[in-house]
Every structure is written in structure tokens, then in C-alpha cells.
**Student:** 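Dropping a structure here in C-alpha cells format, bear with me for questions.
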Amino acid sequence: MGKTEVEEEGRVQLIEFKDFTIINGYWPNSQPERKRIDYKVKYCQSMRRLCNKLVKQGKNVIVCGDFNIAHEPIDL
């Protein structure tokens, strides 16, 4: 993903096929009181850069995984 600090936790699997690329990610939880929000934002930015890079290379990209994002507490 281009950032060592993001890659250290092993949160991404990338599989390339002839017609598409699958990215399976485990997005970090920001933790109570948002202790890891900076890390989560860096992860999201790195993931976006990776996806944009692949798309610019002409690849079809499928992103899936555990996004750990909830709009409202009821969504948890």
C-alpha cells in the first residue's frame, strides 16, 4: 500500500486475475475515544491511493472486507 506503518499489521490481501483484481482489507477500528483515528485515516488514504493506481493501470478492482465503519451506534 506504499506506507510501511500501514502494511505492518498485515491488513490487506491483493489477488490479481486476468480480468480483475480483488483487494480484501481489514480496516482498523478507531477504538474507544478515537485513539487510533489517525492510523485509520492513513489506512483509508493508502487504500484509496492503491485503488486509484490500479484503476489507472486499466485494472478492474473489487474491494471487499471488514470496513469497521458505522454511521450511527445502532449500526454496530
**Student:** May I have the list of side-chain donor-acceptor pairs in residues 23-37 shorter than 3.5 Å, sequence neighbours left out?
**Tutor:**
from: N24; atom 1: ND2; to: Q13; atom 2: OE1; distance (Å): 2.8
from: N29; atom 1: OD1; to: Q31; atom 2: N; distance (Å): 2.7
from: R36; atom 1: NH2; to: E9; atom 2: OE2; distance (Å): 2.5

**Student:** With the 4.5 Å side-chain cut-off for hydrophobic clustering, are V41 and V12 part of the same group?
**Tutor:**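 Shared cluster, no.
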
**Student:** Taking K56 for the side chain and C51 for the main chain, is one N or O donor matched with an acceptor at less than 3.5 Å?
**Tutor:**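 No, K56 side chain to C51 backbone: no donor-acceptor pair under 3.5 Å.
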
**Student:** Quick one: side-chain contact (heavy atoms from CB on, under 4.5 Å) partners of I22, sequence neighbours excluded?
**Tutor:**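 Testing I22 for side-chain contact (heavy atoms from CB on, under 4.5 Å), a comparison that skips the adjacent residues, returns F17, F20, I62, C64.
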
**Student:** When you compare the side chain of D38 with that of Y43, does any pair of heavy atoms fall below 4.5 Å?
**Tutor:**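 Result no, sub-4.5 Å side-chain heavy-atom pair not found.
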
**Student:** Let me see the working for L50 and L14 under side chain to side chain contact (heavy atoms under 4.5 Å, CB included), right down to the final yes or no.
**Tutor:** CA-CA 10 Å; L50 174 61; L14 188 143; 4.1 Å; yes

**Student:** Is any side-chain heavy atom of I15 closer than 4.5 Å to one of T21?
**Tutor:**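 Answer no - side chains too far apart.
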
**Student:** Hey, are the side chains of R49 and Q45 touching, using non-hydrogen atoms and a 4.5 Å cut-off?
**Tutor:**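 Side-chain contact under 4.5 Å: yes.
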
**Student:** Please enumerate all residues that pass salt bridge (charged side-chain N to carboxylate O under 4.0 Å, His left out) together with K59, with sequence neighbours excluded.
**Tutor:**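 Expected list: E16.
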
